[in-house]
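Written out below as structure tokens is the structure these notes cover.
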Amino acid sequence: PLKSIAKLATIASILAASFNVFAEPVEIKFSHVVAENTPKGQMALKFKELIEQRLPGEYVVNVFPNSQLFGDNNELAALLLNDVQFVAPSLSKFERYTKKLQIFDLPFLFEDMAAVDRFQQSDSGQKLLNSMNRKGVVGLGYLHNGMKQFSANNPLMLPKDANGKKFRIMASDVIAAQFDAVGAIPVKKPFSEVFTLLQTRAIDGQENTWSNTYSMKFYEVQSHITESNHGVLDYMVVTSNTFWKGLPADKRAVFKSSLDEAIALGNKIAAEKDNEDKQAILDSKRSELVTLSPEDRQQWVNAMKPVWAKFEDQIGKDMIDAAQAANT
Ligand code: LMR
């Protein structure tokens with residue numbers, strides 16, 4: 001009888017292995033740096049819901065918000081080590097992997113989010129999803145947040161108001177050049193540190209979307225927000241080549257379609273939040289809105305637009321032309 005029990009056990013384990021019946025679901029990690037109640041936070045949760053619904057028992061997706069698992073300084077390295085399978089850094093944070101995405105940081109390039117969207121969906125924009133393939137990073141899609149506004153502890157009406165002030169920036173040389181252009185001092189810092197830096201006055205200001213300024217409470221520690229719409233803060237959802245190619249083709253298709261759906265929801269939330277979170281900030285009366293006249297805004301354009309020429313070689317003139325064409 002012992003022999004036959006052993007035989008049964010062997011058969012059972014072969015069956016289990018081949019049909020995956022007793023196997024635990026595979027854990028997929030999605031890490032990001034923002035709050036849950038943001039376009040990216042909601043997109044990630046939708047992705048989790050769809051995968052677990054469509055591939056039940058096969059995969060669980062665990063989402064780690066607020067830089068809990070990985071932050072700006074290590075999430076892409078962690079992705080390449082397969083310690084996390086999905087991240088969605090802002091387009092400003094890929095500089096070590098490609099210079100091409102710097103296009104999204106050029107100040108005053110896109111007129112509005114509709115133009116950003118047109119460019120991202122164009123052939124040129126779609127090509128950029130593959131710009132890090134050789135580094136092992138696979139771009140799966142763009143996700144919107146919104147246009148950036150300046151905030152500070154003084155009203156920024158004209159470029160000279162930024163002179164000598166310290167601004168927290170994402171790790172982007174283009175954004176550094178943008179602040180250099182108005183005599184400000186850019187300081188590269190991870191997102192998780194921004195609130196404390198502003199609160200303790202270690203830095204004077206920052207730039208971000210309405211959604212991030214609201215969800216991270218930056219408006220509570222900044223006296224003024226200038227509605228500048230001077231640049232875009234969007235994301236690329238990325239995975240590693242190792243993980244992506246390791247998925248069976250049929251599962252990969254489910255991952256991709258689920259992600260596309262989650263991104264569509266995230267984009268809808270981004271558009272809504274842009275207005276809602278701005279209104280919530282204004283209603284709080286914690287910081288004052290600075291609105292720029294067309295003439296004053298033009299001064300910021302004149303001061304910052306020379307940055308384009310500095311990065312034209314790295315980004316490619318054809319790309320810049322394609323992006324500008326999306327404005328019309
Ligand atoms: C920032 O660092 O300000 C943003 O990239 C955070 C984010 O992911 O929206």
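Both counts, for ligands and for their atoms, begin at 1 and track the order of listing.
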Is any side-chain heavy atom of Met147 closer than 4.5 Å to one of Asp112?
no
Which residue and heavy atom of the protein sit nearest atom 1 (C) of ligand 1, plus the separation:
Phe191 CD1, 3.3 Å
Side-chain H-bond candidate by donor/acceptor type, Asn37 with Ser215, under 3.5 Å:
no
Check whether any side-chain heavy atom of Pro186 sits under 4.5 Å from a side-chain heavy atom of Ile175, and report yes or no.
no
Out of all atoms in ligand 1, which are within 4.0 Å of some heavy atom of Asn212? Include the element for each.
4 (C), 6 (C), 7 (C), 9 (O)
Which protein non-hydrogen atom lies closest to atom 8 (O) of ligand 1, naming both residue and atom, and how far is it?
Lys40 NZ, 2.7 Å
Can you find a side-chain donor-acceptor pair between Asn82 and Gln85 that sits under 3.5 Å?
yes
Side chain, backbone, both or neither: Arg168 near ligand 1, heavy atoms under 4.0 Å:
side chain
Which protein heavy atom lies closest to atom 5 (O) of ligand 1, and at what distance to 0.1 Å?
Lys93 NZ, 2.9 Å
Who are the ring-ring contact (aromatic ring centres under 6.0 Å, His included) partners of Phe243, not counting sequence neighbours?
Phe86
Residues that Glu227 engages under side-chain hydrogen bond (donor to acceptor under 3.5 Å, both in side chains), provided they are two or more places apart
Lys278
Is it the side chain, the backbone, both or neither of Thr38 that has a heavy atom closer than 4.0 Å to ligand 1?
neither
Between Tyr142 and Leu129, is any pair of side-chain heavy atoms under 4.5 Å apart?
yes
Report the nearest protein non-hydrogen atom to atom 9 (O) of ligand 1: residue, atom name, distance rounded to 0.1 Å.
Tyr235 OH, 2.5 Å
Side chain or backbone of Gln206 under 4.0 Å from ligand 1, or both, or neither, by non-hydrogen atoms?
neither
Determine whether the side chain, the backbone, both or neither of Asn208 has a heavy atom under 4.0 Å from any heavy atom of ligand 1.
side chain
Atom indices of ligand 1, in the order listed, that fall short of 4.0 Å to a heavy atom of Ser90:
5 (O)
